[in-house]
2 protein chains.
Amino acid sequence: MDIKILRLLAANGRMSWADIGAELGLSGPAAAERVKKLEQLGLVRGYAALLDPGELGLGVTAYIAVRLDRPAHRAAFLKRIKREEAVVECHHMAGDDDYWLKVRVPDLRALEILVSDTLKSIEGVLGTRTSIVMSTVKESATPPLDHLEQG
Amino acid sequence: MDIKILRLLAANGRMSWADIGAELGLSGPAAAERVKKLEQLGLVRGYAALLDPGELGLGVTAYIAVRLDRPAHRAAFLKRIKREEAVVECHHMAGDDDYWLKVRVPDLRALEILVSDTLKSIEGVLGTRTSIVMSTVKESATPPLDHLEQG
DNA sequence: GGTGAAATTCGGATTGA
DNA sequence: TCAATCCGAATTTCACC
C-alpha cells in the first residue's frame, strides 16, 4: 500500500496530506502518518525541483571515465569532484576505469576546459575517456518501485 | 537574482512563497510571481521526492551499453525501454555504442535476467556491455547553476 | 514592478468515537 | 481509521508607493 504513496511523492513532490489521502481512500491524518514513517525510515531522502538542463543553457551532457593512480590521491580527487558543480554524478566502477563522471556543461568548449584543464590537472589522474550524449531518451529521478509490488 | 530561487527550489522542492521571499528579502507575492514565471518559462520541469535506492532494496546500479541494428528496430527498442522501470536513464551516445542505459535492480541475479532475458530478446539488439557500479560518490538531482552566476 | 495589510481559504494537529 | 473542530499559516486580492 505504501508503494502508492512513494509513487505519488516521486511524481509530484511534496503534496498535501488530504490529496494523498484522497488518492488512497485514506483520511488526511492517516496519510500524514504514513508519509512521516517513510521519511523516518530514510526511504525519502528529500524533495527537489526538477530543473530543465537545456533551458538552463546546459546543452552538453557527457560521461567521463577517469583512471586514477591508486590509492594515494583518491581522497583528494573525490573532494575535488564533490566541489565541481558540473559533475552531476560520480560512480566508482568495477573494471578498467576507476570512476565515471556524468557532467553537464554549456557547450563543447566548456567540456574541453573541464577535461583538459580541470580534471587532468588533478594529481593522480592518469587518463580520461569522454563519451558524449547526443540525446537523452529517458531520465527519471525515481528509482524503480515495481519490484516491491508483490506485497 | 532568480538563480537564488532556482537553488532554493532545487534543494528543497516546493516551498512556501513567504519562505522564498524571506531568503531574498522579498515579499510573498513578489516571490510567487517570480517562481511562476520560472515555471512558465519551462525552467522548472516538476517537483519530486528523492527516494533512496538502497533503502528500497535496489542494491545494484549498473550501466549497460547497447549496440543496435540501425535504424529499423530503433523505435520499438525505445518504446520497450521507456516501459522498463529498471531503466532509469537512456542516452543516445556518440561513438561505438548506440545507447547507454543506467539501471537499478535489487541484486546481480536481477541484473542477469534484465540483460540476458529482457534486453537481448529485443529485436535489433546486437550486443551489450555491462559496467557495474561499486559505489556512488555523488548523485545530484540538480544541474549546475554556477555558469549563470555572472548575471 | 514591488510592497504591505487584510481577508479568505486551506492545511494540519488534536480530540473523541 | 475516520470525523469534526480549532488553530495557525499561507495565498490571494487590493490599494498604495
Side-chain angles (χ1 to χ4, degrees), chain A residues 1-58 106 140-151, chain B residues 1-57 140-151:
Chain A
M1 178 70 104
D2 285 353
I3 302 165
K4 271 191 156 178
I5 299 186
L6 289 175
R7 288 199 191 277
L8 281 174
L9 293 176
N12 303 313
R14 231 177 227 112
M15 299 172 65
S16 84
W17 307 132
D19 286 350
I20 297 176
E23 293 280 348
L24 302 109
L26 283 180
S27 68
E33 234 179 288
R34 299 240 183 146
V35 171
K36 286 193 177 148
K37 192 185 283 182
L38 293 175
E39 289 175 350
Q40 279 161 9
L41 283 172
L43 295 185
V44 178
R45 234 193 273 168
Y47 298 88
L50 306 176
L51 308 183
D52 189 293
E55 295 290 335
L56 289 167
L58 296 163
S140 156
T142 316
L145 299 172
D146 50 2
H147 66 112
L148 301 170
E149 291 286 4
Q150 50 272 15
Chain B
M1 178 70 104
D2 285 354
I3 303 164
K4 272 190 155 177
I5 300 186
L6 289 175
R7 287 199 192 277
L8 281 173
L9 293 176
N12 304 313
R14 231 179 226 111
M15 298 172 64
S16 84
W17 307 133
D19 287 350
I20 297 175
E23 293 279 346
L24 301 110
L26 282 180
S27 69
E33 236 177 287
R34 298 237 185 150
V35 171
K36 285 189 180 153
K37 192 184 282 181
L38 292 175
E39 290 175 349
Q40 278 161 9
L41 282 172
L43 295 184
V44 178
R45 231 192 275 169
Y47 298 89
L50 306 176
L51 307 184
D52 189 294
E55 295 290 336
L56 288 168
S140 156
T142 316
L145 298 172
D146 50 1
H147 66 112
L148 301 170
E149 291 286 4
Q150 50 272 14

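Since we're looking at a predicted model, the values are computed, not measured. Within every chain, numbering begins at 1; the chains are lettered A, B, ... in the order of the sequence lines, protein sequences first and strands thereafter.
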Report the residues that fulfil side-chain contact (heavy atoms from CB on, under 4.5 Å) with B/E33, sequence neighbours left out, ordered by chain and then residue number. none
Hey, does A/G21 reach any base, or is it just sugar-phosphate, or nothing, if we go heavy atoms under 4.0 Å? nothing
B/R34 side chain N/O closer than 4.0 Å to the phosphate oxygens (OP1, OP2) of C/dG2? yes
Report the residues that fulfil side-chain contact (heavy atoms from CB on, under 4.5 Å) with B/E55, sequence neighbours left out, ordered by chain and then residue number. A/L43, B/D52
Mind checking what makes side chain to side chain donor-acceptor pair (under 3.5 Å) contact with B/E39, not counting sequence neighbours? B/Y47
Can you check the A/I20 CD1 to D/dC2 P distance for me, whole Å? 14 Å
Would you mind telling me which of B/L9, B/D2, B/L8, B/V44 makes a side-chain contact (heavy atoms from CB on, under 4.5 Å) with B/V35? B/L9
Do nucleotides 10-16 of chain D as a string where each nucleotide becomes B, S or -: B if the base has a protein heavy atom under 4.0 Å, S if just the sugar-phosphate does, - if no protein is that close. -SBB---
How many Å lie between CD on A/E33 and C1' on D/dT1, as a whole number? 9 Å
Taking CZ from B/R14 and C1' from C/dG11, how many angstroms apart are they, rounded to a whole number? 15 Å
Give me each pair satisfying salt bridge (Lys or Arg N to Asp or Glu O under 4.0 Å) with a member in residues 5-22 of chain A, each pair once, sequence neighbours excluded. A/R7-A/E149, A/R7-B/E85
Got a sec, which residues hit side-chain contact (heavy atoms from CB on, under 4.5 Å) with A/L50, two or more places apart in sequence or on another chain? A/A141, B/R45, B/A48
